[in-house]
Amino acid sequence: VLKQRVRHSLTINGTKVVGVTSSTVGEGKTTVAYNLARSLSGGEEKVLLIDMNFGNRNIQKSVNRKNTVSNNGLVEVANGKLQLENVINSVSQNFDVLFAGAGDVKFIKAKFVPIFEELREQYDYIVVDMPTCGVASETVAIADLCDELLFVTRSNKVSPEKVYDALKDLAFSNAKITGF
């Protein structure tokens, strides 16, 4: 159902990039991001999952747990050390993953804008695993790289006030909140 709704929303709005965030750690946003990207890739569409949770990098840890590919990724591209085509990892025919990277990052949005422009040309859908709102200072800037946002909340995990505060932070972003 989530896949159908997201695909419909992106198609109606003529957009491609959906970010997934939450108000606190442990609500399941990475699981939702991964499963959404995986399910979107089940058809003919080419899908990219980007791990931009620079402080945690859970997708990178789980996809590359056997260290079968390099941990280089978005950080190295943004810093001009590697080309984009050298850091994208193919999971299946229509599903690729772009890790956060191996290095530390000082997030400067202007470095990531051209990368996202190039990726928009290559993929039908891009799902971004974002940092948690209020935990990482770059969350709103990362949201600006996305067209739409999914906000993950876990029942009985977080107070309504915490969700409200996170949504107030996201109000400074240009991305539209598509759903919860």
Side-chain angles (χ1 to χ4, degrees), residues 3 6-7 10-11 14-22 25 28-132 135-150 152 173-175:
K3 171 183 80 170
V6 168
R7 182 180 280 147
L10 293 173
T11 302
T15 56
K16 290 186 174 195
V17 183
V18 61
V20 182
T21 191
S22 64
V25 176
K29 70 174 182 52
T30 298
T31 301
V32 169
Y34 180 84
N35 288 329
L36 175 62
R38 189 80 159 152
S39 66
L40 285 169
S41 71
E44 295 296 316
E45 293 90 5
K46 192 157 173 65
V47 179
L48 176 67
L49 173 63
I50 304 176
D51 187 352
M52 290 190 78
N53 191 352
F54 299 112
N56 205 347
R57 304 176 192 201
N58 280 334
I59 291 173
Q60 184 166 324
K61 292 173 191 171
S62 60
V63 170
N64 203 25
R65 68 177 146 250
K66 294 182 181 175
N67 292 321
T68 55
V69 295
S70 169
N71 276 319
N72 289 324
L74 198 54
V75 171
E76 287 75 21
V77 175
N79 290 331
K81 294 180 180 175
L82 291 170
Q83 296 297 311
L84 198 51
E85 60 270 6
N86 297 325
V87 295
I88 293 178
N89 300 287
S90 180
V91 176
S92 66
Q93 182 178 353
N94 293 328
F95 181 39
D96 294 340
V97 175
L98 176 55
F99 296 146
D104 291 329
V105 65
K106 179 178 179 184
F107 189 84
I108 300 169
K109 185 173 104 176
K111 288 184 173 184
F112 292 86
V113 169
I115 297 169
F116 269 73
E117 288 173 359
E118 184 176 341
L119 292 171
R120 285 172 188 272
E121 296 296 320
Q122 297 177 26
Y123 290 91
D124 297 303
Y125 300 115
I126 300 170
V127 178
V128 180
D129 183 32
M130 296 172 49
T132 301
V135 173
S137 60
E138 66 268 7
T139 303
V140 172
I142 292 171
D144 279 344
L145 297 170
C146 303
D147 303 313
E148 302 185 23
L149 300 174
L150 288 177
V152 177
S173 165
N174 295 323

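Nothing fancy with the numbering, it's 1 onward along the sequence. All of these numbers come straight from a predicted model, not from anything done at the bench.
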Worksheet item: Any side-chain heavy-atom pair from L119 and V17 closer than 4.5 angstrom?
Response: no
Worksheet, complete the sentence: Sequence neighbours excluded, the answer for side chain to side chain donor-acceptor pair (under 3.5 Å) partners of T15 is E148
Response to the item:
side chain to side chain contact (heavy atoms under 4.5 Å, CB included) filter on V97, not counting sequence neighbours, yields L49, I59, V91, F95, F99
Discussion item. Holding to salt bridge (Lys or Arg N to Asp or Glu O under 4.0 Å), I want the full list of residues that pass it with D124, two or more places apart in sequence or in another chain.
Written reply: none
Fill in: CD/E121: more than 12 non-hydrogen atoms of other groups inside 6.0 Å
no
Worksheet item: ring pair (Phe, Tyr, Trp, His ring centres under 6.0 Å): which pairs involve residues 35-55, sequence neighbours left out?
Response: none
Worksheet item: What do the steps show when you test D147 against R120 for side chain to side chain contact (heavy atoms under 4.5 Å, CB included), and what is the final call?
Response: CA-CA 11 Å; D147 303 313; R120 285 172 188 272; 2.9 Å; yes
Fill in: Point-to-point distance, once rounded to the nearest 0.5 Å, from NZ of K109 to CD of E138
13.0 Å
Worksheet entry | L98 vs V87, side chain to side chain contact (heavy atoms under 4.5 Å, CB included): CA-CA, chis, key distance, verdict | CA-CA 7 Å; L98 176 55; V87 295; 3.5 Å; yes
Worksheet item: Between V18 and L150, is any pair of side-chain heavy atoms under 4.5 Å apart?
Response: yes
Item to complete: Could you grab the distance from atom CG of N58 to atom OG1 of T30, nearest 0.5 Å is fine?
Response: 5.0 Å
Item to complete: To the nearest 0.5 Å, tell me how far T31 OG1 sits from D129 CG.
Response: 9.0 Å
Item to complete: Would you please name every residue forming a salt bridge (Lys or Arg N to Asp or Glu O under 4.0 Å) with K81, sequence neighbours left out?
Response: none
Discussion item. How close do K111 and P114 get, counting heavy atoms only, and between which atoms?
Written reply: O-CD, 3.8 Å
Worksheet item: Distance from I88 atom CD1 to L74 atom CG, nearest 0.5 Å?
Response: 9.5 Å
Worksheet item: Excluding sequence neighbours, so at least two apart, what forms ring-ring contact (aromatic ring centres under 6.0 Å, His included) with F107?
Response: F112
Worksheet item: With side chains defined as the heavy atoms from C-beta onward, is the minimum distance between M130 and L149 less than 4.5 Å?
Response: yes
Discussion item. Show me the pairs that pass salt bridge (Lys or Arg N to Asp or Glu O under 4.0 Å) and involve residues 33-53, at least two apart or across chains.
Written reply: R7-E45, K46-D96
Fill in: Test ring-ring contact (aromatic ring centres under 6.0 Å, His included) applied to F116 - qualifying residues, sequence neighbours left out
none
Worksheet item: For N35, what residues pass the side chain to side chain donor-acceptor pair (under 3.5 Å) criterion, not counting sequence neighbours?
Response: none
Worksheet item: Can you tell me how far NZ of K16 sits from CD of Q122, rounded to the nearest 0.5 angstrom?
Response: 9.5 Å
Fill in: With sequence neighbours excluded, residues passing side chain to side chain contact (heavy atoms under 4.5 Å, CB included) with V152
V20, S22, E27, K29, V32
Worksheet item: Out of curiosity, L48 CG to Y123 OH, how far, rounded to the nearest 0.5 Å?
Response: 4.5 Å
Fill in: Trace of the side chain to side chain contact (heavy atoms under 4.5 Å, CB included) decision for M52 with L145
CA-CA 11 Å; M52 290 190 78; L145 297 170; 4.0 Å; yes
Fill in: Residues that N53 engages under side chain to side chain donor-acceptor pair (under 3.5 Å), provided they are two or more places apart
none
Fill in: Partner set under side chain to side chain donor-acceptor pair (under 3.5 Å) for N56, not counting sequence neighbours
K61
Discussion item. Which heavy atom of P131 sits nearest to which heavy atom of I142, and what is that distance?
Written reply: CD-CD1, 3.6 Å
Fill in: Heavy-atom pair of closest approach, residues N72 and A102
OD1-CB, 3.8 Å
